[in-house]
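Below, each value reflects all heavy atoms present in this structure, side chains not excepted, and no hydrogens, waters or symmetry copies. Just so we're clear, the structure is a prediction, and the values are computed from it rather than from any experiment.
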Amino acid sequence: MPETRKMLNRSEFVAAARHGRKLVSSSLVVQIHNRGDDAHPRIGITATRKIGNAVTRNRAKRRLRALARDVLARHARPGHDYVLIARHNTPTKAWPVMQAECDRLMADHSRHQP
RNA sequence: UCAGAUGGCUGGAUGGCCGCUGGCGGGUUCGCCCCGUCAGAGGAAAGUCCGGGCUCCACGGAACCACGGUGCCGGGUAACCCCCGGCGAGGGUGACCUCAGGGAAAGUGCCACAGAAAAAAUACCGCCAUGGUGAUCAUGGCAAGGGUGAAAAGGUGCGGUAAGAGCGCACCGCGGUUCUGGUAACAGAACUGGCAGGGUAAACCCCACCGGGAGCAAGACCAUGUAGGAACGCAAAAGGGGGCUUCGGCCUCCAGCGGGGCGGUUUCGUCCGUGCGUUCGGGUAGGUUGCUAGCGUUGGCUGGUAACAGCCAUCCCAGAUGAAUGGCCAUCCAUCGUCAGGCUGACGCCAUGGCGAGGACAGAACCCGGCUUACAGGCCAUCUGACCCU
RNA sequence: UGGGGCGUAGCCAAGUGGUAAGGCAGCGGUUUUUGGUACCGUGCACCGUAGGUUCGAAUCCUACCGCCCCAG
C-alpha cells in the first residue's frame with residue numbers, strides 16, 4: 001500500500017478538475033489526474049456549501065477521509081491525484097454501499113487504464 | 001386533577017475494531033519515524049449586533065462643522081445598545097407580560113380623503129333676538145345639538161339664559177404653588193386657577209452624555225526574491241546648490257508646485273511624491289511566533305432584596321490551519337409508530353409481548369462580557385386561576 | 001474579518017408616509033379562411049418574515065431570513 005499525501009493548493013484541485021478523469025456514483029465523485037511524475041499519490045477532499053451546513057460538510061469530509069484510508073489507498077498509484085467530492089447523500093449513505101461503490105469506481109479505472 | 005406564568009438545570013450511556021491533532025516521557029536508522037501516557041467543541045462554539053482586552057498606525061494641537069450612538073430613576077460592571085431593583089403607561093380574572101427620555105409655548109415641515117373649519121380661526125345644517133306682514137330674507141348674538149374625521153379650543157349633572165357658553169356650582173380630569181414620604185424617578189394631601197388652546201420628534205431638530213482609525217490576513221522574526229513591468233486616456237509638474245558614479249543614474253539640502261494620507265474645512269504641523277483611471281502580462285502568498293493562565297474553573301463563607309462584590313480553598317481545562325476533536329459495529333436507556341392483549345358505554349388509558357423507526361439545534365479559528373436567533377426531549381423549584389375531596 | 005447592495009404579480013420592474021404605475025407573458029373578444037400582426041377588455045400583489053412608531057407603513061425603527069457584490 002503506497003504512502004499518500006494531501007493536496008494543498010487550489011491550483012492542484014483545478015488541474016485535477018480540468019485534466020483528470022471524472023468517475024461518478026450515487027454517493028460520491030472521484031477525479032483522477034495523472035501528474036506524470038513518480039512521487040507519492042495525493043488525495044484531496046471537497047465538500048461544497050450545497051451539501052449543507054458546517055456540521056454536515058465536516059461529517060461528509062470525515063466519511064470521505066475514512067473511505068480514502070480504507071479503500072482508495074489500496075488502488076492508489078504513484079504520480080496520480082485523487083479528488084473525492086461529496087454529494088448530497090454522502091453523510092447518510094449506508095457505509096458498506098459506499099465502500100462497494102468506491103471499490104467499483106477504482107476497479108473500473110484500473111481496467112480502462114492498465 | 002386540569003389549564004397556565006416565571007426562573008433554573010440537562011443536552012444520551014457502555015463496550016469493541018480502525019484512525020486524527022497536541023503536550024509530556026522514552027527510543028531513534030534523525031524522518032514529524034516508532035512506543036507509552038495524558039488531553040481533545042457548545043449552550044448556543046452560530047448570527048457577527050454591541051462593549052472591552054491585545055497589536056499596529058495617528059501618538060498632532062486648536063477652533064468650528066459634521067457624523068454615529070445612547071436617553072424615566074437608582075444601583076451593578078473593566079465597559080456596554082447589557083444586567084438588577086424601583087417609577088410611569090398599556091394588556092391580562094390572576095401569576096405575570098409588553099413599551100419607553102424631556103421639549104410641539106425655540107423654530108421648520110407634514111396631517112391624504114371627508115368636513116364649514118386641521119391650528120389660522122371660522123359657522124354648513126342649526127338655536128335665539130330684532131327688523132320685515134306671513135313664508136322667503138336682512139342684521140346681530142350663540143356654539144349646546146346634528147353632520148365629517150384618527151383628531152374639532154375639558155367630561156357628566158344641576159342651575160342659569162332670549163338662546164347659549166366654566167357664566168356659576170358639585171364631582172372627575174388638567175395646570176400652578178406649598179407641604180409630606182422617597183437618594184431619585186414619582187406618589188399623596190391641601191390651597192388655588194375657570195381650562196391656559198390638537199397630533200407627529202422610530203420627520204428635521206433642541207438638550208445632556210459618549211465615541212481617533214484599523215484589525216490576529218493586527219503585528220514581529222527568519223527564509224526566498226530582485227521588482228514595482230507595458231500600453232492607452234485624462235490632469236499636471238520638472239528651479240538651484242552639494243556629494244557619489246560603472247556616466248545609465250542615485251543620494252541629500254533649500255525653495256516652488258500641485259496632489260494625496262492624518263473624518264471634513266481653516267491655520268500651522270507632519271509624511272509621501274508625477275498622480276488618477278482602464279486593459280494586458282509577470283512575481284510572491286514557505287515557516288516560526290502572536291496562541292492560549294484568563295477580568296479563568298469548581299466549591300464554601302460573608303455582605304447585599306437582587307444584579308454583583310469580597311475572602312478562603314481548589315484545579316490547569318482544545319489549539320487545528322484544504323483546517324484535528326472521528327469512521328464503523330453491537331447492546332441498553334429516553335421517545336415515537338403499529339399489531340396482539342386487558343379495562344371502559346365511549347373518548348381513551350394501562351402496562352405485558354412482538355415488529356419497525358431512532359437521536360433536537362448545531363462545529364472552536366486571538367481571547368473575554370453581553371445581546372439576538374435555532375433547539376427533540378427530560379428534570380427541578382416557586383407562583384396563579386378553575387374544579388373536586390378532607 | 002471588514003464594507004456595500006437587493007428582495008414588489010409567472011418574468012422585468014416604478015413607487016421614498018395617504019386606495020401599489022407600466023411592460024412582457026396569460027385569459028377572453030374584434031379583424032383574418034387559419035395562424036401571426038394590430039386593436040379592445042380582463043385577472044393576477046396580506047410589497048421577504050415578525051414585532052413596533054403613526055389616525056394611517058411597500059416606505060420610518062428593531063430583530064430575523066434569503067441572495068448577490070467588493071476589499072484584504
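For A:N58 and B:A324, the CG to C1' distance is 10 Å, given to the nearest whole Å. For the pair A:R65 CZ and B:U21 C1', the interatomic distance rounds to 11 Å; values are reported in whole Å. Atom pair A:L67:CG and B:C18:C1' shows a separation of 14 Å (rounding to whole Å applied). Nucleotide C:C65 holds its P atom 14 Å from the CG atom of A:N53, rounded to whole Å. Per the geometry, CD1 belonging to A:I43 stands 13 Å off P belonging to B:C20, to the nearest Å.
Glycosidic conformation, B:C128: anti, with the torsion outside 90° of 0. Against the 90° criterion about 0, the sugar-base torsion of B:A41 places it in the syn range. Classification of B:G43 as syn follows from a glycosidic angle within 90° of 0. Glycosidic torsion of B:G248 falls within 90° of 0, placing the base in syn. With a glycosidic angle more than 90° from 0, B:U224 adopts the anti conformation.
Partner A:K93 forms a side chain to side chain contact (heavy atoms under 4.5 Å, CB included) with one of A:H88, A:E101, A:R87 and no other, that one being A:E101.
Residues A:L28 and A:L64 are in side-chain contact: their nearest non-hydrogen atoms beyond the backbone lie under 4.5 Å apart. You'll find the side chain of A:L84 stays beyond 4.5 Å of the side chain of A:T46, heavy atoms only. A:H80 has its side chain out of reach of A:H33: every pair of non-hydrogen atoms, C-beta onward, lies at least 4.5 Å apart.
A donor-acceptor pair under 3.5 Å is formed between the side chain of A:N53 and the backbone N or O of A:T56.
Across the strands present, B:U6 finds its partner in B:A381; the criterion is a Watson-Crick or G-U wobble pair with both atom distances under 3.5 angstrom. Both distances falling under 3.5 Å, in either a Watson-Crick or a G-U wobble arrangement, place B:C207 opposite B:G71.
Scored by the side-chain contact (heavy atoms from CB on, under 4.5 Å) test, A:A60 finds A:A86, A:T90, A:P91 as partners (sequence neighbours excluded).
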Atom pairs, protein N/O to nucleotides 327-329 of chain B N/O, distance under 3.5 Å:
from   : atom 1 : to    : atom 2 : distance (Å)
B:G327 : OP1    : A:R59 : NH1    : 2.8
B:C328 : OP1    : A:R63 : NE     : 2.9
B:C328 : OP1    : A:R63 : NH2    : 2.8

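The side chain of A:R42 places no N or O atom within less than 4.0 Å of a non-bridging phosphate oxygen (OP1 or OP2) of B:G322.
When the side chains of ILVMFWY residues are joined at heavy-atom separations under 4.5 Å, either directly or via intervening members, A:V24 and A:V97 end up in two distinct hydrophobic clusters.
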